[in-house]
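To start, the structure itself, in structure tokens.
If you're wondering where the values come from, they're calculated on a predicted model, not measured in any experiment. Below, each value reflects all heavy atoms present in this structure, side chains not excepted, and no hydrogens, waters or symmetry copies. Proteins get letters first, then strands, A, B, ... in listed order; numbering begins at 1 in each.
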Amino acid sequence: MNSENNDGHQVETIKQATIRFAGDSGDGMQITGTQFTNTSAIFGNDLATFPDYPAEIRAPAGTIPGVSGFQVRFSSFDIHTPGDQPDVLIAMNPAALKTNLKDLKPGGIVIINSDNFEKGDLQKAKYEVSPLEDSTLDGYRAVKVPLNKLTKETLKDHGLGPKVVMRCKNFFALGIVYWLYQRPMETTISYLDREFGQKKKRPEIAAANIAVLKAGYNYADITGEFQSQYEVPKAKLTPGTYRNIQGNMAVGLGLIAASLQAKLPLFLGSYPITPATDILQQLAAYKNFGVVTFQAEDEIAGICSAIGASFAGSFAVTTTSGPGIALKSEAMNLAVMTELPLVIVNVQRGGPSTGMPTKTEQSDLLQCLYGRNGDSPIPVVASCSSSEAFDATIEASRIALKYMTPVVLLTDGYIANGAEPWLLPDLDTLPNLEVNRPTEADKETYQPYGRDETTLARPWAVPGTPGLQHRIGGLEKEDLSGNVCYDPSNHQKMTDLRMEKVERIANDIPEFSLMAGSTDDKVLVLGWGSTLGAITAAVEELRTAGRSVAQAHLRHLNPFPKGLAETLAKFDHVIVPEMNKGQLSLVLQGKTCIQVESFTKVTGLPFMTNEIIAKVNEYLG
Amino acid sequence: MNSENNDGHQVETIKQATIRFAGDSGDGMQITGTQFTNTSAIFGNDLATFPDYPAEIRAPAGTIPGVSGFQVRFSSFDIHTPGDQPDVLIAMNPAALKTNLKDLKPGGIVIINSDNFEKGDLQKAKYEVSPLEDSTLDGYRAVKVPLNKLTKETLKDHGLGPKVVMRCKNFFALGIVYWLYQRPMETTISYLDREFGQKKKRPEIAAANIAVLKAGYNYADITGEFQSQYEVPKAKLTPGTYRNIQGNMAVGLGLIAASLQAKLPLFLGSYPITPATDILQQLAAYKNFGVVTFQAEDEIAGICSAIGASFAGSFAVTTTSGPGIALKSEAMNLAVMTELPLVIVNVQRGGPSTGMPTKTEQSDLLQCLYGRNGDSPIPVVASCSSSEAFDATIEASRIALKYMTPVVLLTDGYIANGAEPWLLPDLDTLPNLEVNRPTEADKETYQPYGRDETTLARPWAVPGTPGLQHRIGGLEKEDLSGNVCYDPSNHQKMTDLRMEKVERIANDIPEFSLMAGSTDDKVLVLGWGSTLGAITAAVEELRTAGRSVAQAHLRHLNPFPKGLAETLAKFDHVIVPEMNKGQLSLVLQGKTCIQVESFTKVTGLPFMTNEIIAKVNEYLG
Amino acid sequence: MATETAPLKKKDFKTDQDVRWCPGCGDYAILNSIQAVMAKLGRKKEDVVFVSGIGCSSRFPYYMETYGFHTIHGRAPAIASGVKIANPDLDVWLVTGDGDAMSIGGNHLIHALRRRVNLKILMFNNRIYGLTKGQYSPTSPLGKVTKTSPMGSLDTPFNPIHLALASKASFIARSIDVMGPHLQDVLMQAAQHEGSAFIEIFQNCNIFNDGAFEHVTGRDVRADQLVDLQHGQKLIFGKEKDKAIVMDGFAPKVVPLAGTDEDAILTWDMDANPALAYLLAGMEEGVMPTPIGVFRNTKRVSFDAGVHQQIKEATEKHGKGDLKSLIYAGDLWEVK
Amino acid sequence: MATETAPLKKKDFKTDQDVRWCPGCGDYAILNSIQAVMAKLGRKKEDVVFVSGIGCSSRFPYYMETYGFHTIHGRAPAIASGVKIANPDLDVWLVTGDGDAMSIGGNHLIHALRRRVNLKILMFNNRIYGLTKGQYSPTSPLGKVTKTSPMGSLDTPFNPIHLALASKASFIARSIDVMGPHLQDVLMQAAQHEGSAFIEIFQNCNIFNDGAFEHVTGRDVRADQLVDLQHGQKLIFGKEKDKAIVMDGFAPKVVPLAGTDEDAILTWDMDANPALAYLLAGMEEGVMPTPIGVFRNTKRVSFDAGVHQQIKEATEKHGKGDLKSLIYAGDLWEVK
Ligand SMILES: Cc1ncc(C[n+]2csc(CCOP(=O)(O)OP(=O)(O)O)c2C)c(N)n1
Ligand SMILES: Cc1ncc(C[n+]2csc(CCOP(=O)(O)OP(=O)(O)O)c2C)c(N)n1
Ligand code: SF4
Ligand code: SF4
Ligand SMILES: [Mg+2]
Ligand SMILES: [Mg+2]
């Protein structure tokens with residue numbers, strides 16, 4: 001659908017677009033991307049984003065390791081991924097061009113800051129010949145904009161130092177893109193006013209950025225560099241109030257919500273580690289919710305302080321990433337043995353070892369399930385998207401508090417840093433997580449390892465309660481009394497009880513069900529975690545094309561929901577895409593003996609929709 | 001076969017006997033048991049032992065937690081386990097009687113120190129009525145001996161203090177048992193001379209113990225308390241030189257042998273933990289082999305020092321038990337990423353958490369396979385008996401050095417503390433473990449992450465080698481160069497390479513094969529680790545009875561030997577006995593999709609032969 | 001109920017568990033002193049928590065009729081910190097050994113001390129790993145022959161008082177298992193201190209390191225080998241109270257009291273520069289007298305109090321957090 | 001080959017890797033000084049190993065044309081100990097940050113120091129976690145506002161020199177990123193020391209903690225805020241060399257040089273009781289001058305040397321171990 005707008009420009013209405021902003025880490029690409037995202041969200045598009053940070057704090061300016069990217073996809077329909085290939089690439093320097101151009105859609109638009117292609121710039125990006133002068137850009141629509149010059153020009157009367165001026169140039173680029181997609185500038189203008197004008201008391205900075213933003217918009221309008229403008233109409237989204245949210249923030253809010261629903265103070269013991277640090281940082285700001293954040297000396301002290309707090313009666317949490325889980329395993333086992341509630345958040349990143357801290361992966365599933373000495377069952381809940389992380393967090397908290405057990409909540413770097421619109425929940429629908437604690441009145445009957453008949457949870461008697469003094473620890477416990485006990489049959493019994501308690505959670509979670517398709521379909525795509533978006537997009541596309549494919553997604557990795565094996569058995573092929581070397585596949589086969597087709601990817605990048613489509617097609621023939 | 005010996009006593013010739021010595025931890029039961037074992041070994045029986053220590057150093061004398069036991073089974077044929085039920089029980093006090101009587105064979109002999117059944121003694125064992133006076137001993141042949149009195153009497157002229165005198169009474173009991181089984185006393189007499197007379201320069205102690213030993217022997221001979229004596233003839237064992245060995249000692253010797261075969265100094269970084277401490281203690285004594293033992297401040301420092309030593313070119317090892325592995329996981333992953341050779345010995349104990357430190361279990365298999373962040377393949381080798389631990393250690397070392405990888409060697413408390421005759425190896429048959437290191441001459445072609453075509457091992461260039469300076473670490477490595485690299489396709493490639501390197505080890509180990517039976521049998525019993533003895537005994541017995549059962553035992557848990565899946569598929573039922581909740585079963589099913597029957601036991605005690613027989617019969621119908 | 005107000009006695013702090021240390025172990029005497037101190041302090045049993053790590057000493061909580069947590073090796077300071085920060089109304093005591101506290105747990109120890117979490121950390125120092133049956137520990141002397149050091153240990157030992165000083169502990173003391181009244185006095189002072197208290201207790205392990213302290217704590221030598229630090233008192237000691245400590249340049253020296261100028265005798269001043277405590281704690285055992293008593297007792301708001309103070313201030317400033325306004329925050333938009 | 005004997009130059013210790021610290025980071029200056037020191041020391045490149053943990057500072061080994069190991073967070077002292085004990089012929093340097101060394105790695109640090117493993121441990125102290133983008137560290141001052149302490153940190157910081165002293169390090173020093181000649185001098189002394197050397201280097205993180213040391217190291221204030229410890233020299237400092245340190249009871253005090261009795265002025269004596277070093281290291285930053293230079297340099301056989309000495313003695317005593325007699329030992333019996 002093409003048309004012309006008031007200014008006489010041609011306007012093409014499209015259903016979706018994907019833009020990637022790429023530049024040096026000093027170029028403000030994350031802010032630029034976030035601004036575009038917020039504007040589009042408020043405009044009413046559905047959207048998905050993928051920020052891609054460099055590993056170093058500040059790799060040398062202009063080099064390839066220093067490139068920072070932010071991809072946003074927005075649409076007039078329901079979308080699930082930030083897009084396989086961008087339609088538009090903004091490349092602020094040669095390094096950004098070099099690392100990102102290969103992803104651009106053939107024929108896509110690339111907006112280049114041509115001022116940054118001097119000899120030195122090219123060298124830093126290891127270009128021998130300028131890509132503006134050879135065939136590199138063939139097949140793309142390259143728009144070269146002297147951003148530095150134009151920004152300087154725009155601000156020449158603002159009386160600002162040259163460094164400050166140069167820091168505004170990302171808003172020139174943003175202006176161009178706003179024009180290209182006919183976005184209103186208000187959201188960004190009021191952001192700049194708020195952030196720099198009011199909070200940081202630098203109204204001159206706000207004014208400069210606003211001027212540059214408008215200049216960029218006008219430049220695009222006037223120069224006619226672009227063949228047409230595009231319009232992406234509003235999407236039909238579920239009615240309600242929305243905000244954009246990153247996964248780490250959603251986890252933080254979920255934890256506070258759970259603590260309020262449980263009427264227990266929240267205690268977070270943690271040690272900073274990429275990409276989980278944000279949760280600690282965010283919760284540190286919520287002291288008026290009674291939240292205690294304890295930045296411990298290491299991961300072990302982080303979880304141990306949380307175990308102590310749990311013993312003392314708090315709703316206790318620890319947050320980390322893969323290497324931190326490795327360090328916490330011994331203490332996780334103490335929580336298993338003492339049957340204390342504890343939520344362990346693992347924001348997964350590329351492994352093994354230090355691996356690729358800033359890249360995403362789903363490769364800690366086996367570690368979380370099995371990475372402890374002895375038979376040590378721990379429930380595992382996995383979040384599947386940045387906004388759903390709120391619900392997954394509450395679910396993990398519910399299980400921990402109700403079953404008196406540590407619970408692992410898995411997210412990953414993609415969920416943690418990615419942002420998406422979040423339909424805010426009706427607070428009345430949040431589960432009541434209140435716990436029933438024994439009191440002095442129960443003195444005569446209280447048994448530290450007595451158990452609830454249904455859940456098998458032991459009672460949570462907290463220090464300070466008169467008459468319930470007792471002692472717990474990591475040695476095997478005698479049934480009921482909790483005394484240290486080396487009796488052979490007791491060890492068998494307690495090992496069985498610990499297992500069964502976790503297995504019984506399956507009675508308390510939804511049965512396994514399909515999200516799309518039916519058991520009449522030939523192929524089932526079964527995922528978990530952050531691959532949800534890519535899988536959903538792929539299955540929707542396949543089903544629209546009439547292919548016989550169904551979809552399911554596991555939120556509970558331990559225990560599995562009931563009915564899983566029965567349902568899997570009904571398909572010719574069960575494809576299990578994972579960002580690891582087949583960890584869920586191993587567990588599925590191990591527990592059901594049903595053969596699944598493991599489809600894996602460990603590049604540090606999320607699946608692309610097309611990859612999954614291609615895989616499914618292999619099995620559909 | 002009955003007869004009478006010279007003294008006119010009736011002598012019954014039997015094929016095997018099982019004796020359990022039980023007393024207070026201060027009563028010297030471990031020494032007594034060991035003496036009987038050594039004597040029987042030298043006499044020429046086959047044998048198997050099972051020591052069972054109390055958890056406390058010195059639980060209060062006379063109490064139930066303070067009971068220490070030592071079971072020895074000896075025979076005139078090839079045996080595999082220390083016996084399900086003892087024929088003779090020596091109970092030095094009421095607590096020992098209470099905890100052990102239930103295991104005694106119906107009609108078995110119980111030799112009781114009747115001097116230790118005073119009121120106070122009974123209270124400590126929580127007996128309300130003296131078991132000597134009620135029906136407790138009905139159905140057994142109880143022989144009450146006033147051991148204290150007789151010992152005192154024997155030593156009245158030795159001029160020793162009363163404490164020292166009392167410490168001799170175990171040898172009175174040993175004398176009785178020697179008489180009962182017609183054992184020569186020489187081995188013990190020369191042990192006492194050596195140990196006390198020569199080493200500790202206390203000849204009076206040696207003399208006293210020898211006197212008491214003989215007194216016990218004579219007492220049994222004269223009193224005629226026993227209906228008959230027994231004779232267990234020599235076994236037909238493979239010819240050669242034998243010694244008795246405990247598993248921890250075998251591991252220690254295996255490590256030294258490997259270091260000599262590799263012509264590399266042995267470096268052990270470790271932190272004491274039950275039941276692995278012995279290995280550290282033993283190796284500390286072998287400094288003249290160039291062995292460096294480093295008692296680190298904790299498990300993490302233990303493995304890290306070993307990783308450092310490996311980088312520097314030593315044959316590096318760390319030893320621990322389950323909780324220590326939990327702590328070492330992060331560093332194990334560093335060894336995976338840096339591809340350095342390292343042997344990690346895990347002497348498993350009862351878990352989870354601190355669990356039951358002095359009890360045996362096989363529950364760290366999953367932890368060792370999967371307990372690390374990221375996709376982190378580590379080869380796992382399991383020893384199946386105290387003497388075989390020597391070979392298993394060399395095999396683990398071979399893999400580590402040849403494939404440049406950390407390797408986990410699994411033993412357990414049962415293997416570690418149990419002793420059995422060891423047919424000493426012909427040293428010429430030990431594998432040559434010499435490594436080929438790049439030198440200055442390879443300067444031009446050396447690549448830190450270049451690889452051997454067959455093994456995929458990278459070259460081990462050690463500091464001090466001119467021209468090969470390079471840098472390694474835990475971040476993802478670029479193929480060949482080893483530089484830090486976040487490139488998506490490189491991460492995929494390196495993850496695949498790390499996996500494949502470990503998988504290729506399957507080309508270098510024996511194919512999967514049956515130890516007994518054939519694929520025509522209906523049932524396969526498939527075990528791993530220290531269950532070998534019980535399984536072998538059970539399968540032998542079943543096959544002798546004509547049952548259709550085969551047996552196989554896995555030494556390599558990662559990678560599995562070739563042909564495993566194919567062979568398993570040929571049986572109606574594959575029974576997998578394990579001292580855990582089904583860990584190998586999960587992995588077998590996960591990797592082969594062949595359903596196996598998990599048969600588990602977690603009581604801290606080894607399987608009994610009868611338990612396995614019963615299980616197999618369930619499937620044979 | 002009458003029982004609620006009746007003052008608790010020592011025996012009220014005994015549990016029904018059998019005490020499982022070796023007969024003759026110094027831990028018994030310490031247990032006895034601590035139970036006595038509990039009774040004297042008059043705290044309710046339910047408001048007291050004993051946390052321990054792993055080791056012989058760490059079995060301690062089983063014998064105290066309070067809340068108790070026998071945790072994992074070395075981690076007790078971190079776990080106890082969590083208990084205390086989560087509920088500052090509890091009295092949190094920590095029992096640990098020289099291995100538990102200074103080997104595997106060294107980092108948690110120094111961090112709990114420097115943070116000044118209000119914990120009473122009792123380190124039973126027997127200079128050996130007891131539970132694992134006799135390996136040298138970080139407080140075993142150089143050259144110590146043990147199962148893992150058959151030719152003598154090469155590890156220079158820590159001086160626990162030095163480490164506690166450098167860790168900025170706000171209360172630091174030393175006492176001896178068999179010196180009940182002294183130990184109880186020190187423990188009472190620790191209990192009343194607000195902040196991180198570290199108390200080293202010399203403890204005899206009669207099985208694996210018998211007599212390790214005999215040369216300074218033996219009944220015969222004690223008076224000449226120990227000097228008790230009493231605030232404001234001159235450092236005079238000896239069976240006959242005939243010896244004194246003076247400074248010789250920057251080094252302490254023992255001189256006969258007779259003939260020494262009184263002003264020259266060092267006066268123990270807890271509020272002096274901590275380098276003085278460092279100096280005295282550094283006197284070579286056996287050569288100089290070994291100081292016992294309180295090395296440090298400073299006032300400063302504890303970490304846990306600080307945490308709850310910040311929560312209070314934040315709540316006063318921003319109002320008590322409310323879920324609705326937390327979640328419905330930031331850039332919102334409505335879809336109709 | 002001529003190159004084998006030609007003395008190495010600073011540039012010979014540079015690698016081909018791009019240096020990836022933020023422009024302006026203090027780490028650049030330190031790298032420069034260390035490369036210079038390497039050239040001066042004249043060791044062969046292949047005989048030097050740089051080990052590091054995780055943090056901005058810990059990227060260091062990538063930039064040194066020696067052997068290098070960028071390990072895991074906090075564990076470098078343990079790994080470096082293994083390297084050095086396995087091969088004492090190597091020069092082992094360790095680069096770490098205040099978080100890597102004193103947070104997660106605190107225990108390994110104090111143990112490596114007390115053992116006196118012959119390591120040169122360089123701690124780049126920027127009083128912040130740089131790599132994780134700005135959280136308070138164990139050396140951040142009380143009240144420090146960071147991302148995880150929005151209302152100010154409640155953690156009392158460590159004094160790294162105090163901790164090193166209490167850990168019995170045999171060489172202890174402090175220098176400053178931008179004071180190249182001083183830093184190089186200190187590093188040269190450390191290199192020549194046999195034992196565990198700990199060197200704290202004040203390092204500016206211009207991104208997350210810019211100017212943390214400006215009040216003592218700034219060009220204008222430096223002369224008045226720093227005092228350089230030189231063995232045998234009086235503690236006199238100030239732009240005009242007009243101030244001196246004297247003792248006031250047991251506390252140090254700054255006085256004008258003019259009018260002060262020379263004998264009263266403290267003389268820096270490295271061999272004095274370590275309590276003197278403790279005292280000086282404890283002078284309050286900003287209020288008293290901050291000491292730099294060498295706090296301690298004692299002679300004592302290093303741990304790694306001791307290990308190999310024991311191996312030598314055992315071998316002399318028992319003969320070189322032989323596999324046959326090792327395995328064919330104990331009670332043997334023959335089956336025919
Ligand atoms: C993770 C872990 N590592 C090692 C051990 C083994 N271990 C238990 S106690 C102990 C040392 C005990 O020494 P100390 O703290 O001095 O206590 P003591 O027994 O002397 O009172 C060791 C090494 C363990 N239980 N857990
Ligand atoms: C096991 C583990 N926990 C946490 C982290 C995250 N982490 C990396 S560096 C660092 C702190 C760095 O601070 P510092 O040692 O002072 O170094 P700087 O970056 O300031 O030079 C942290 C918390 C990690 N990499 N590994
Ligand atoms: S081993 Fe030593 S410390 Fe442990 S209980 Fe026995 S005497 Fe006490
Ligand atoms: S963050 Fe700070 S310490 Fe790290 S490289 Fe940048 S300036 Fe240096
Ligand atoms: Mg101890
Ligand atoms: Mg830092």
Look at the rings of C/Trp333 and A/Tyr242 and say which category their plane angle falls in: under 30° parallel, 30 to 60° tilted, over 60° perpendicular. parallel
Do A/Thr465 and C/Glu46 get their side chains close enough for a donor-acceptor pair, meaning under 3.5 Å? no
Is there a donor-acceptor pair closer than 3.5 Å between any side-chain N or O of A/Arg243 and the backbone N or O of C/Ile327? yes
Identify which part of A/Ile472 has an atom lying under 4.5 Å from any heavy atom of chain C, answering side chain, backbone, both or neither. both
Tell me, for A/Asn244 versus chain C, whether the close heavy atoms (under 4.5 Å) come from the side chain, the backbone, both or neither. both
Check whether A/Asp298 gets within reach of chain C through its side chain, its backbone, both or neither, counting any heavy atom under 4.5 Å. side chain
Part of C/Ala329 within contact of chain A (heavy atom distance under 4.5 Å): both
C/Ile72 CD1 to A/Met337 CE distance, which is reported to the nearest 0.5 Å: 11.5 Å
Return the CD1 to OG distance between C/Ile85 and A/Ser305, rounded to the nearest 0.5 Å. 7.0 Å
With side chains defined as the heavy atoms from C-beta onward, is the minimum distance between A/Thr238 and C/Val335 less than 4.5 Å? no
Using heavy-atom distances under 4.5 Å, tell me whether C/Phe303 contacts chain A through its side chain, its backbone, both, or neither. side chain
Below 4.5 Å from any heavy atom of chain A, which atoms of C/Thr66 appear? Answer side chain, backbone, both or neither. backbone
Are any non-hydrogen side-chain atoms of C/His318 and A/Tyr286 less than 4.5 angstrom apart? no
Cut-off 4.5 Å, heavy atoms of chain C, and the answer for A/Ala331 is both
Region of A/Pro265 that comes under 4.5 Å of a non-hydrogen atom in chain C: neither
Test log, rule side chain to side chain contact (heavy atoms under 4.5 Å, CB included), inputs A/Phe311 and C/Thr71: CA-CA 11 Å; A/Phe311 179 59; C/Thr71 71; over 6 Å; no
Residue A/Leu264 versus chain C: region with a heavy atom under 4.5 Å: neither
N-O pairing of A/Glu297 and C/Arg114 below 4.0 Å: no
Counting only heavy atoms closer than 4.5 Å, note whether C/Gln17 contacts chain A via side chain, backbone, both or neither. side chain
Identify which part of C/Asp89 has an atom lying under 4.5 Å from any heavy atom of chain A, answering side chain, backbone, both or neither. neither
Is it the backbone or the side chain of A/Thr241 that comes under 4.5 Å from a heavy atom of chain C, or both, or neither? both
Is it the backbone or the side chain of A/Ile42 that comes under 4.5 Å from a heavy atom of chain C, or both, or neither? both
Just so I know, are the side chains of A/Leu334 and C/Ile79 near enough to count as touching, which here means a heavy-atom distance under 4.5 Å? yes
Under 4.5 Å from any heavy atom of chain C - which part of A/Leu430: side chain
Of the listed C/Thr315, C/Leu326, C/Asp47, the one with the largest count of heavy-atom pairs under 4.5 Å with chain A is C/Leu326
Pick one of side chain, backbone, both or neither for C/Ser52, based on which atoms fall under 4.5 Å of a heavy atom in chain A. neither
Close side-chain approach of C/Asn87 to A/Val462, heavy-atom, < 4.5 Å: no
Side-chain contact, heavy-atom cut-off 4.5 Å: A/Asn288 with C/Lys320? no
Side chains of A/Lys287 and C/Val307 in contact at under 4.5 Å (non-hydrogen atoms): no
Counting only non-hydrogen atoms closer than 4.5 Å, does A/Ile245 touch chain C with its backbone (N, CA, C, O), its side chain (CB onward), both, or neither? neither
Return the CZ to CD1 distance between C/Phe69 and A/Ile307, rounded to the nearest 0.5 Å. 6.0 Å
Which bit of A/Ala257 is near chain C, if near means a heavy-atom gap under 4.5 Å: side chain, backbone, both or neither? both
For the pair A/Leu424 and C/Leu332, evaluate side chain to side chain contact (heavy atoms under 4.5 Å, CB included) and give the outcome as yes or no after the intermediate values. CA-CA 9 Å; A/Leu424 298 183; C/Leu332 301 181; 3.7 Å; yes
Side chains of C/Lys336 and A/Pro239: does their closest heavy-atom pair fall under 4.5 Å? no
Using a cut-off of under 4.5 Å for heavy-atom pairs, which of A/Leu475, A/Val291, A/Leu423, A/Leu427 has the most such pairs with chain C? A/Leu427
Which atoms of C/Leu90 are under 4.5 Å from chain A, going by heavy atoms: the side chain, the backbone, both sets, or neither? side chain
How many angstroms lie between atom CG of C/Asp331 and atom OG1 of A/Thr39, to the nearest 0.5 angstrom? 9.0 Å
Is the shortest side-chain heavy-atom distance between C/Glu65 and A/Arg471 below 4.5 Å? yes
Flag, side chain of C/Arg75 to backbone of A/Glu330, donor-acceptor distance under 3.5 Å: no
